[in-house]
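Here's the structure, in structure tokens; my notes come after.
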Amino acid sequence: MSHDRHEAGFKRRTRVAEARTTLLDAAEAHGRTETVRLADADGRVLAEPIDAPAPVPGYDRAAMDGYAVRAEDTFGASDRSPAVLRERDREDGAISPGEAARVHTGSALPEGADAVVMIEHVESIGDEVETFDAVAAGENVGAAGEDVADGQRLYEAGETLRPSDLGLCKSVGLDEVVVHERPTVAVIPTGEELVQSDPEPGEVIETNGLTVSRLVERWGGEARYREVVTDDEDALAAAIERDLDADVVVTTGGSSVGERDLLPEVVDDLGEVLVHGVALKPGHPVCLGRVDGTPVVSLPGYPVACIVNAVQFLRPVQKRVGGTTADPFPTRGARLDRKVASEPGTRTFARVKLSDEVDSDRNGDADRDADDPAFVATPTRASGSGVLSSVALADGWVVVPEPREGLDAGDVVDVELWEVTE
């Protein structure tokens with residue numbers, strides 16, 4: 001890569017979607033799998049589909065407290081003319097015609113029974129049961145396989161397991177699952193001005209590496225949080241080469257076009273720069289590359305720009321190598337309380353704080369709809385990609401698409417809650 005870029009700057013910036021696609025096309029799933037205990041599988045990505053090895057329930061069961069009966073023995077029963085059945089202890093086995101057996105919700109239906117009369121519709125007198133309600137076959141019965149059928153496909157490979165999924169897997173008799181190994185991400189902060197504490201004038205406390213490494217963990221990966229590497233081409237190259245056994249290498253700082261922004265040249269010398277400069281704000285000087293088959297994501301040094309780019313590029317490529325895809329973030333509708341400026345042709349991420357709308361004319365949220373949200377979104381800062389508090393104290397961000405020239409006060413927007421989910 002020529003040093004002409006220091007003079008040319010970013011005359012052409014790749015759009016976000018194109019840059020992300022280019023990076024993902026250069027990555028592939030690592031393919032490593034492991035078998036883990038079901039109790040340890042929360043948040044893990046399945047490497048194989050799961051089919052139910054047994055039905056749930058595994059037998060016909062009572063759906064109500066009452067008496068198990070043969071439905072035909074209750075036909076014609078009413079308050080005035082109850083059907084009289086012999087009470088049979090279900091432990092004695094199958095019930096015969098004209099018999100009833102006491103059952104409780106969830107208990108197995110005795111052989112020969114095909115319905116349950118609810119307890120409130122019967123009266124037990126000695127060894128007989130008077131039934132005041134006629135029931136049809138299958139009434140008040142949970143059939144075998146009603147919850148899960150034998151052999152039913154429950155999950156596809158690539159799905160991320162949640163706590164409720166673990167419960168379902170246990171219900172069908174599984175105690176372990178085959179998952180993809182967590183992807184490893186080497187996080188390398190760079191910059192000769194960075195220190196871990198007690199900064200002198202001209203020094204800056206290193207925060208990007210800490211933030212990104214914890215995001216990696218939240219997104220289901222294992223982070224190698226490395227020591228700061230100074231702005232030296234040989235040192236940067238050695239740091240990247242050291243971690244090429246990771247599934248992704250991510251650097252922070254040194255990705256722009258200044259004299260001390262050396263990472264684009266280093267990546268290009270070691271491998272290939274795929275994209276340098278993306279049409280997003282804050283954080284256009286991101287560099288996306290590949291070295292010996294390993295994706296390398298060089299994030300800008302300004303903290304907010306670093307976070308925005310980590311979410312837009314590191315998260316999806318980490319998910320890709322880990323065998324899954326990045327799900328969309330949950331959103332919350334809100335009304336902007338002030339204008340948000342943006343540059344046409346650039347995707348802008350405006351950090352906002354959410355608050356409940358105070359309106360004495362409203363009676364709760366019962367009559368609200370998508371065009372009349374219950375929340376107000378207040379931008380935490382209109383600009384400043386180095387102001388970490390503007391994102392750390394925000395609830396999410398509003399994405400202003402490339403064709404728009406800003407948003408007006410009063411506009412209804414979707415706030416991406418990008419820290420709510422992995």
Side-chain angles (χ1 to χ4, degrees), residues 35-42 46 48-157 159-178 366:
T35 301
V36 299
R37 295 189 315 131
L38 190 62
D40 299 326
D42 183 28
L46 285 172
E48 299 177 351
I50 293 180
D51 296 333
V56 178
Y59 48 83
D60 291 344
R61 60 186 176 182
M64 298 283 182
D65 285 352
Y67 281 83
V69 299
R70 290 159 49 97
E72 62 187 73
D73 290 338
T74 70
F75 291 168
S78 67
D79 289 340
R80 291 189 176 186
S81 180
V84 180
L85 306 174
R86 296 184 303 278
E87 185 169 357
R88 178 76 174 268
D89 185 347
R90 59 177 294 211
E91 296 298 329
D92 291 341
I95 65 170
S96 301
E99 293 183 335
R102 184 76 167 91
V103 290
H104 303 280
T105 302
S107 60
L109 205 66
E111 184 181 349
D114 60 5
V116 173
V117 181
M118 290 190 292
I119 191 67
E120 53 264 41
H121 295 154
V122 301
E123 184 175 344
S124 178
I125 302 174
D127 61 355
E128 292 184 333
V129 175
E130 292 187 346
T131 302
F132 301 96
D133 184 39
V135 290
E139 190 167 342
N140 301 321
V141 172
E146 181 182 52
D147 190 353
V148 179
D150 187 17
Q152 178 180 334
R153 175 62 52 89
L154 300 179
Y155 302 103
E156 300 289 350
E159 293 191 54
T160 301
L161 293 173
R162 305 161 299 175
S164 59
D165 301 322
L166 305 187
L168 182 57
C169 288
K170 186 174 182 180
S171 76
V172 299
L174 297 178
D175 56 12
E176 59 185 23
V177 289
V178 180

Taking all heavy atoms of [X] and all of [Y], pick out the closest pair and write down the distance.
X	Y	value
D60	A143	OD1-CA, 3.4 Å
V36	A41	CG2-CB, 4.0 Å
V135	F75	O-CE2, 3.6 Å
Y59	G106	OH-O, 3.6 Å
L109	A68	CD1-CB, 3.9 Å
V172	A52	CG1-CB, 4.1 Å

Does any non-hydrogen side-chain atom of [Y] lie less than 4.5 Å from one of [X]?
X	Y	answer
T131	P82	no
P55	V148	no
F132	S81	no
D51	R153	yes
E87	Y67	yes
K170	L38	yes

Report yes or no: does [X] contribute a side-chain atom to a donor-acceptor pair with the main-chain N or O of [Y] at less than 3.5 Å?
X	Y	result
D114	A71	yes
D65	I119	no
S124	V129	no
E128	I125	no
D147	P57	no
T74	A77	no

message: With side chain to side chain contact (heavy atoms under 4.5 Å, CB included) as the test, pick out the partner of I50 among L168, D165, L174.
response: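 With I50 as partner, L168, D165, L174 yield a single side chain to side chain contact (heavy atoms under 4.5 Å, CB included), made by L174.
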field: Matching residue for V177 among L166, L161, T35, D40 - test: side chain to side chain contact (heavy atoms under 4.5 Å, CB included)
entry: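 Result for side chain to side chain contact (heavy atoms under 4.5 Å, CB included) with V177: L161.
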Could you state the interatomic distance from [atom1] ([X]) to [atom2] ([Y]), rounded to the nearest 0.5 Å?
X	Y	atom1	atom2	answer
E156	E159	CD	CD	6.5 Å
R88	I95	CZ	CD1	9.0 Å
E176	R37	CD	CZ	10.5 Å
N140	R61	CG	CZ	13.5 Å
M118	E139	CE	CD	7.5 Å

- request: Using a cut-off of 6.0 Å, state whether more than 12 heavy atoms not belonging to E111 lie near its atom CD.
  value: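 Open: at most 12 neighbouring heavy atoms sit under 6.0 Å from CD of E111.
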message: I'd like to check the side-chain hydrogen bond (donor to acceptor under 3.5 Å, both in side chains) partners of R70; sequence neighbours left out, ordered by chain and number.
response: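 Listed in chain order: E72.
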- prompt: Step by step, would you call V178 with L46 a side chain to side chain contact (heavy atoms under 4.5 Å, CB included)?
  reply: CA-CA 6 Å; V178 180; L46 285 172; over 6 Å; no
query: Going through the checks in order, is the side chain to side chain contact (heavy atoms under 4.5 Å, CB included) test met by L85 and V69?
result: CA-CA 9 Å; L85 306 174; V69 299; 3.7 Å; yes
